[in-house]
Q: 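One structure follows; several queries about it will come next.
Residue numbers run from 1 in the order of the sequence given. Because the structure is predicted, anything quoted here is derived from the model rather than measured.
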Amino acid sequence: MGQNQSSTKEEIDIVDLQEMYKKFVRECPSGALHLHECKRFFGVSANNEASQFVDRMFSTFDRNGDNTIDFLEYVAALNLAFRGKLEHKLKWSFKIYDKDGNGCVDKRELREIVQSVYSIKKAWKREPEAQLLSPDEVCDRIFQLVDENGDGHLTLHEFLEGAKKDRWVSKMLQLDTNPCTWVIEQRRKSALF
């Protein structure tokens, strides 16, 4: 009769939603997350590849195009990042990679996004630089494994199928900037106060 609380990881339950709302209101008292706040979250300040990446990411979550992310858009973003199915994450990632919106991702677009993700991870000090491939090496490897017809462009189909076939490709194409670790750290900090 009442509200169902799901115990599965597929849905956000009411307790999680209430906690998310409290956090959102504390962080965004205006009721909206602005682009400059989102950039601060990711530690991006300069107008570089990382800044352009956050711009693109922000615009994909700003579904109504009002240049802010409201609470519903925020929940949708977190749900995708934390609980979304692989295919949904990859389709979202493809939109980010396909900078010119032509339905394909070329090496230049891929390299720019990979470089942006590296910049964000470096700012967060999450990945030791020594063990990372260069953005060019990442792009070459992805195209070698995924570009089925060798035309230098990845279609959505090639993008999805390549990620399903190879775990490394899947990890690289998902645009994992590691938001889970940041959220856990923030919860720990707020619990101390």
Side-chain angles (χ1 to χ4, degrees), residues 9 35-61 76-186 188:
K9 297 281 185 193
L35 179 58
H36 70 276
E37 295 166 323
C38 189
K39 286 183 178 184
R40 187 176 60 229
F41 167 81
F42 283 104
V44 173
S45 58
N47 189 14
N48 56 22
E49 289 112 356
S51 179
Q52 292 172 12
F53 168 72
V54 173
D55 290 345
R56 299 251 329 129
M57 183 177 64
F58 187 88
S59 69
T60 63
F61 287 124
L78 288 179
N79 195 44
L80 176 67
F82 295 140
R83 297 185 174 137
K85 293 181 181 178
L86 176 62
E87 186 170 342
H88 295 142
K89 288 180 181 183
L90 289 168
K91 285 180 178 179
W92 172 77
S93 295
F94 187 83
K95 288 180 188 178
I96 302 292
Y97 281 112
D98 185 14
K99 201 171 177 181
D100 61 11
N102 70 351
C104 294
V105 175
D106 61 33
K107 279 190 178 183
R108 180 189 50 78
E109 290 171 319
L110 184 65
R111 187 180 310 103
E112 286 176 10
I113 298 299
V114 169
Q115 182 61 50
S116 298
V117 171
Y118 275 23
S119 296
I120 290 170
K121 286 184 174 189
K122 184 178 177 183
W124 282 6
K125 296 176 177 55
R126 296 284 182 258
E127 299 285 339
E129 291 181 60
Q131 63 186 357
L132 296 176
L133 296 173
S134 74
D136 286 330
E137 291 169 328
V138 169
C139 292
D140 290 344
R141 184 170 176 196
I142 288 173
F143 268 84
Q144 188 176 46
L145 296 169
V146 176
D147 188 11
E148 294 173 356
N149 59 6
D151 67 352
H153 293 87
L154 303 179
T155 64
L156 177 59
H157 174 76
E158 288 173 320
F159 196 87
L160 294 173
E161 291 304 309
K164 289 176 185 174
K165 290 178 189 172
D166 188 287
R167 176 177 251 161
W168 179 86
V169 169
S170 177
K171 182 179 176 194
M172 295 307 296
L173 294 179
Q174 285 183 61
L175 294 175
D176 178 19
T177 55
N178 204 357
C180 297
T181 303
W182 185 89
V183 169
I184 290 167
E185 287 175 8
Q186 296 308 307
R188 252 188 245 135

Q: One pair to check against side-chain contact (heavy atoms from CB on, under 4.5 Å): Ser170 and Leu86. What are the steps and the verdict?
A: CA-CA 9 Å; Ser170 177; Leu86 176 62; 3.5 Å; yes
Q: Who pairs with Asp136 by salt bridge (charged side-chain N to carboxylate O under 4.0 Å, His left out), at least two apart in sequence or on another chain?
A: Arg111
Q: For the residue pair Lys107 and Cys139, what are the closest heavy atoms and their distance?
A: O-SG, 4.1 Å
Q: So does Thr155 get a backbone contact from the side chain of His157, meaning a donor-acceptor N/O pair under 3.5 Å?
A: no
Q: Applying side-chain contact (heavy atoms from CB on, under 4.5 Å), can you list everything that pairs with Glu109, at least two apart in sequence or on another chain?
A: Asp98, Lys99, Asp100, Val105, Asp106
Q: Just so I know, are the side chains of Gln144 and Asp140 near enough to count as touching, which here means a heavy-atom distance under 4.5 Å?
A: no
Q: Are there more than 12 heavy atoms of other residues, nucleotides or ligands under 6.0 Å from atom NZ of Lys164?
A: yes
Q: So does Glu112 pair up with Arg108, basic N to acidic O under 4.0 Å?
A: yes
Q: Enter the distance from Leu154:CG to Phe143:CZ here, rounded to the nearest 0.5 Å.
A: 3.5 Å
Q: Go through the steps for Asp166 and Val146 under the test side-chain contact (heavy atoms from CB on, under 4.5 Å), then give the verdict.
A: CA-CA 9 Å; Asp166 188 287; Val146 176; over 6 Å; no
Q: Under 3.5 Å, is there a donor on one side chain and an acceptor on the other for Ser51 and Lys39?
A: yes
Q: Report yes if the side chains of Glu158 and His153 come closer than 4.5 Å at any heavy-atom pair, otherwise no.
A: no
Q: Checking side-chain contact (heavy atoms from CB on, under 4.5 Å) for the pair Trp168/Val138: CA distance, chi angles, key distance, verdict?
A: CA-CA 10 Å; Trp168 179 86; Val138 169; 4.1 Å; yes
Q: In this structure, are over 12 heavy atoms from other groups packed under 6.0 Å from His36 atom NE2?
A: yes
Q: Verify, without hydrogens or angle tests, whether Asp147 (side chain) and Asp151 (backbone) share a donor-acceptor contact under 3.5 angstrom.
A: yes
Q: Quick test of your reading of the model: are Arg141 and Glu137 salt-bridged, counting only N-O distances below 4.0 Å?
A: no
Q: Which word best sums up how the rings of Phe159 and Phe94 line up, parallel for under 30°, tilted for 30 to 60°, or perpendicular for over 60°?
A: perpendicular
Q: NZ/Lys91 to NZ/Lys85 distance, rounded to the nearest 0.5 angstrom?
A: 11.0 Å
Q: Distance check, rounded to the nearest 0.5 Å: Phe58 atom CZ versus Glu37 atom CD?
A: 8.5 Å
Q: Are any non-hydrogen side-chain atoms of Leu173 and Ser93 less than 4.5 angstrom apart?
A: no
